[in-house]
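One-based numbering along the sequence shown. Each ligand, and each atom within it, is numbered from 1 in the order the structure gives.
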Amino acid sequence: MNRLRILRPDDWHLHLRDGAALQAVVGFTAQRFGRAIVMPNLKPPITTTALARAYRQRILSALPAGSRFEPLLTLYLTNSTTPDEIDRARACGFIHGVKLYPAGATTHSDAGVSDLERVYGVLAHMEKVGMRLLIHGESTGPDIDVFDRESHFIDTVLEPLLVRFPRLPIVLEHLSTARGVEFIRGARPGIAATITPQHLLHNRNAIFSGGIRPHFYCLPILKREPDREALLEAATSANPRFFLGTDSAPHEKNAKENSCGCAGMFTAHAAIELYAEAFASVGRLDRLEAFASHFGADFYGLPRNTDHITLLNEPCMVPAGYLFGDAELIPYRAGETVGWRLESA
Ligand code: NCD
Ligand code: ZN
């Protein structure tokens, strides 16, 4: 297949940042996707509907002229989020989920939840009004091996959470393990997971091939080859519980190439093209559209997009870097090619 026409996809997990960084990256997503669930881990975090409303306006203002891209906002859950705030979020019409970051789990997560019991009241209210909970599913304790954090979280936190809140809709974000795939497959209705392109295309060897490669460091960290294979199998299985969420997470070059480098890979410049590569690698391009353009919208109770994009099976060169405000952004595959190209409109 040299040409693939699909319904316009959506990105159900995206970091857009703010200010000049936002300005630098939002166009890449807007070119490909109809909508994106925008993460609230700014500094300070987006913890209220008022902050989300202002952030949404900044995103809209940063869009290229004529863009019809729609940002879908999320609230950052803290120990002090109130049921009233959930009601305001529900009523505003542009907030589609509340994000749980275990404190200390990832970039800008220090305001996250330190003890789940403290938010049980808010979760009960979210369950009552049908507000989705989006979870960064990693345990954070220093005694837990970095490669086991997702599995540990599923076993010790998520399983009991699903029992306590049997009707709360939940997305387990950036699934990274075979254990996670197995869990999502067998979970009660109302549970889904997003999958990133990097977790479909790479195992953890990528972080260490010939030296340490900070641009392959993201959270959850890349896992073993059997995990990658299980994720690819899940993404291409036409199971509506698995859908597209890039977790494209830009950081300036100096923050990545650093003695204590930040977690996050920037993939928005070629996001849908990279998923096409992954699906083509197992001869399953016929299932890309459902994963990218149907299942996420269905889970969020939103209409599917109605226009289309076309992908061409032609190598496309990725620049060595992009401008990122005053800094530089090193994209995934910098200086190399991606096997697919978005046909210009
Ligand atoms: C994300 C970021 O940089 O905001 N980093 C990452 O490695 N994925 C945060 C996150 O989603 O964990
Ligand atoms: Zn993320």
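The Ala249 neighbourhood of ligand 1 comprises atoms 1 (C), 2 (C), 3 (O), 5 (N), with distances under 4.0 Å to a heavy atom of that residue. Using a 4.0 Å cut-off to heavy atoms of His13, the atoms of ligand 1 that qualify are 11 (O). Atoms of ligand 1 lying under 4.0 Å from at least one heavy atom of His136, given by number and element, are 12 (O). Heavy-atom proximity to His174, at under 4.0 Å, picks out these atoms of ligand 1: 11 (O). Residue Gly264 approaches ligand 1 through these ligand atoms, each under 4.0 Å from one of its heavy atoms: 5 (N), 6 (C), 7 (O).
Of all N, O or S atoms in Asp247, the one lying closest to the Zn ion (ligand 2) is OD1.
In terms of protein heavy atoms, atom 7 (O) of ligand 1 is closest to Leu219 N, 2.8 Å. Among protein heavy atoms, the minimum distance from atom 5 (N) of ligand 1 is reached at Ala263 O, 3.2 Å. Annotation: atom 10 (C) of ligand 1 to nearest protein heavy atom, Thr106 OG1, 3.5 Å. Protein heavy atom closest to atom 8 (N) of ligand 1, with residue, atom name and distance, is Asp247 OD2, 2.7 Å.
Under the 4.5 Å side-chain criterion, counting only non-hydrogen atoms from C-beta, Phe324 is not in contact with Phe266.
Asp247 and Thr196 form no side-chain donor-acceptor contact under 3.5 Å, judged by distance and modelled atom types alone. Counting only N and O atoms by type, the side chains of His125 and Asp87 include a donor and acceptor under 3.5 Å apart. Checking Asn41 against Ser109 by side-chain atom types alone, no donor-acceptor pair falls below 3.5 Å. In the model, Arg17 has a side-chain atom that pairs as donor or acceptor with a side-chain atom of His251 under 3.5 Å.
A perpendicular orientation is assigned to the rings of His136 and His174, their planes being inclined by more than 60° (bins at 30° and 60°).
Note that CD1 of Ile184 is 9.5 Å distant from CG of Asn239, once rounded to the nearest 0.5 Å.
Side-chain atoms of Arg228 never come within 3.5 Å of backbone atoms of Arg224 as a donor-acceptor pair (strictly under, hydrogens ignored). No donor-acceptor distance shorter than 3.5 angstrom exists from the side chain of Arg132 to the backbone of Val98, with no hydrogens or angles considered.
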Given Leu16 and Tyr55, is the side chain to side chain contact (heavy atoms under 4.5 Å, CB included) satisfied, shown in steps? CA-CA 10 Å; Leu16 284 177; Tyr55 183 35; 3.7 Å; yes

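Aromatic ring centres of Phe242 and Phe291: separated by at least 6.0 Å.
Under 4.0 angstrom from ligand 1, the non-hydrogen atoms of His251 all belong to its side chain. When non-hydrogen atoms are compared, ligand 1 lies under 4.0 Å from neither the backbone nor the side chain of Met39. With a 4.0 Å cut-off on non-hydrogen atoms, Arg17 touches ligand 1 through its side chain and not its backbone. Here Met265 has no heavy atoms under 4.0 Å from ligand 1, in either its backbone or its side chain. No part of Glu173 comes within 4.0 Å of ligand 1, judged by heavy-atom distances.
Checked by distance only, ligand 1 and Tyr101 stay at 3.5 Å or farther apart across all their nitrogen or oxygen atoms. For Tyr217, no nitrogen or oxygen atom sits less than 3.5 Å from a nitrogen or oxygen atom of ligand 1, counting backbone and side chain alike. Geometrically, ligand 1 and Cys218 share no nitrogen or oxygen pair separated by less than 3.5 Å.
The Zn ion (ligand 2) forms the vertex of an angle spanning NE2 of His15 and NE2 of His13; to the nearest 10 degrees it equals 110°.
A cation-pi arrangement is present between Arg56 and Phe94, with the terminal nitrogen or guanidinium carbon under 6.0 Å from the aromatic centre and inside a 45° cone about the axis.
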